[in-house]
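Structure record follows, encoded as structure tokens.
Start at 1 with the first residue, then count along the sequence. It should be emphasised that the depicted structure is a prediction, and the values quoted were computed from it without experimental measurement.
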Amino acid sequence: MFKSGFIGIIGRPNVGKSTLLNGILGEKLAIITSKPQTTRNRILGIFNREDAQFIFVDTPGIHSPRTPLNRAMVRAATDTFADSDVLLLVVEAGQEIGPDERLILESLQGNSIPKFLVLNKIDLIRREQLLPQMEAFRHQHPFAEMIPVSALTGEGIPLLLDELWKYLPEGPRYFPEDMMTDSSERFVAAEMIREKILLLTHKEIPYSAAVVVDSFKEDEAKNLIRISATINVEKESQKGILIGKKGSMLKEIGSRARVDMEKFFAARIFLELFVRVRKDWTKDAKRLREFGYSE
């Protein structure tokens, strides 16, 4: 029996949803940082097995939004509810149910889609901490399964896939076996640049930056890809910080992003980066659409 289906990965910010997706795929697709709200868009990752095609949808963290950008991110996550065959609510192992989890649990009420509770980061806690947490969630919602995992080490992931298989419908392969995502190459490149901004800058800079890839040209004969991208920020002061003294920060962002791109695209990368000010773009509906964040 061959099965296939869509699996939504939901949860509050910074519980390891993207790390879980990367751990399942065995490849770095979704960007990862220690900062909350790293993921802004839904990212689709495809995992193939002889008996199934698992189509995972990584989503932004669900939280109480305060800006148009935050509202667009939460909408991207909650829209996944209706499109999924199974939902994975990822929580941090050993932690109490917080306000964001309560918000998510409330939004799941009356939803008949099978839901798994995935307790991530079990490598960081004592196992006796799991049972009270699982019992607390059991009283809040009738989860189909509760599975402890470590997205970082891979522990529990084979069990998670086996249990998911039981809940997927019979169906065809929706995507070719050699396809890992439906995201465009431009999107993947932009996310790799944005990850380096998140890692290398602080305070409001990471949340005020939007990356747009202006050109993506492949030269197959030379195994070379030429990429030109613009980092959009909200203020002149942010532009100065991103460029750095004599261009040092921009050079470091580009250098680190290029390493990841060359590994992912299996080609040499020539990367050009520019910084442009788009005043208060995170609050501007037109700019949000232009940068790929639709409210």
Side-chain angles (χ1 to χ4, degrees), residues 1-12 15-32 38-62 76-93 104 108 111-123 134 137 141-185 187-188 191 263-264:
M1 186 188 300
F2 190 87
K3 295 187 172 186
S4 57
F6 291 80
I7 302 141
I9 306 174
I10 63 173
R12 67 168 174 80
V15 292
K17 298 184 296 298
S18 297
T19 306
L20 178 63
L21 176 63
N22 292 343
I24 291 168
L25 298 179
E27 190 79 45
K28 185 176 178 181
L29 173 63
I31 67 173
I32 302 167
T38 295
T39 301
R40 284 180 178 171
N41 304 79
R42 288 190 290 177
I43 298 172
L44 188 146
I46 305 155
F47 180 77
N48 288 289
R49 225 167 61 169
E50 285 187 5
D51 58 352
Q53 184 172 76
F54 302 84
I55 306 161
F56 292 93
V57 184
D58 183 24
T59 63
I62 298 175
T78 54
D79 280 353
T80 305
F81 294 3
D83 302 331
S84 300
D85 296 294
V86 183
L87 286 171
L88 304 183
L89 173 56
V90 182
V91 300
E92 196 166 335
I104 297 167
L108 292 175
N111 187 311
S112 60
I113 298 170
K115 291 166 280 290
F116 283 27
L117 181 72
V118 179
L119 301 101
N120 188 27
K121 306 184 184 181
I122 59 171
D123 52 307
M134 293 167 76
F137 272 98
H141 194 84
F143 288 96
E145 304 288 346
M146 294 186 173
I147 301 181
V149 305
S150 169
L152 200 59
T153 68
E155 184 180 357
I157 287 179
L159 174 63
L160 174 61
L161 291 170
D162 288 342
E163 291 302 312
L164 277 172
W165 185 89
K166 298 175 183 177
Y167 291 85
L168 290 183
E170 289 185 56
R173 289 190 192 276
Y174 291 103
F175 299 95
E177 285 191 67
D178 60 350
M179 188 172 174
M180 187 173 65
T181 182
D182 69 342
S183 296
S184 69
E185 292 171 323
F187 174 82
V188 173
E191 285 290 273
K263 183 178 178 182
F264 186 87

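Contacts of L159 classified as side-chain contact (heavy atoms from CB on, under 4.5 Å), with partners at least two apart in sequence or in another chain: I147, E163. The side-chain contact (heavy atoms from CB on, under 4.5 Å) search around A93 returns L119, I122, I125, L130, Q133, not counting sequence neighbours. Contacts of Y174 classified as ring pair (Phe, Tyr, Trp, His ring centres under 6.0 Å), with partners at least two apart in sequence or in another chain: F6. Looking at residues two or more places apart in sequence or on another chain, you find a ring pair (Phe, Tyr, Trp, His ring centres under 6.0 Å) between F116 and Y167. Taking the side-chain contact (heavy atoms from CB on, under 4.5 Å) definition, one finds that K121 meets it with E92, D123, L124, sequence neighbours left out. Residues passing the side-chain contact (heavy atoms from CB on, under 4.5 Å) test with P169 are D85, sequence neighbours excluded.
Of all heavy-atom pairs between T59 and I9, the closest is OG1-O, 2.6 Å. Of all heavy-atom pairs spanning R12 and I104, the tightest one is N-CD1, 3.6 Å. For the pair V188 and S183, the tightest heavy-atom approach, listed with the atom from each and the gap, is CG2-CB, 4.2 Å. Closest approach of S84 to G8, counting heavy atoms only: OG-N, 3.4 Å. In plain terms, the two heavy atoms of G45 and L29 that are nearest each other are CA-CD2, 3.9 Å. For the pair P172 and F2, the tightest heavy-atom approach, listed with the atom from each and the gap, is C-CE2, 3.9 Å.
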request  = Check the pair D162, R49 against side-chain contact (heavy atoms from CB on, under 4.5 Å), reporting the backbone distance first and the verdict last.
outcome  = CA-CA 11 Å; D162 288 342; R49 225 167 61 169; 2.9 Å; yes

message = I'd like to know whether F47 forms a side-chain contact (heavy atoms from CB on, under 4.5 Å) with L161, so could you lay out the CA-CA distance, the side-chain angles of the two residues, the decisive distance to 0.1 Å, and finally the verdict.
response = CA-CA 10 Å; F47 180 77; L161 291 170; 3.7 Å; yes

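Here the CD1 atom belonging to I7 is positioned 6.5 Å from the CG atom belonging to L88, to the nearest 0.5 angstrom. Summarising the geometry, atom CG belonging to L89 is positioned 9.5 Å from atom NZ belonging to K17; distances are rounded to the nearest 0.5 Å. Distance check, rounded to the nearest 0.5 Å: CZ of F137 to CG of L117 gives 5.5 Å. With values rounded to the nearest 0.5 angstrom, K28 atom NZ is found 12.5 Å from L21 atom CG. The structure places CD1 of I24 at 5.5 Å from CG of L160, a figure rounded to the nearest 0.5 Å. To the nearest 0.5 angstrom, N48 atom CG is 11.0 Å from E50 atom CD.
A donor-acceptor contact shorter than 3.5 Å links the side chain of S150 to the backbone of T153.
Residues V15 and V118 form no side-chain contact, since every pair of their non-hydrogen atoms from C-beta on lies 4.5 Å or further apart. Within the 4.5 Å cutoff, side-chain heavy atoms of L164 are placed close to those of F54.
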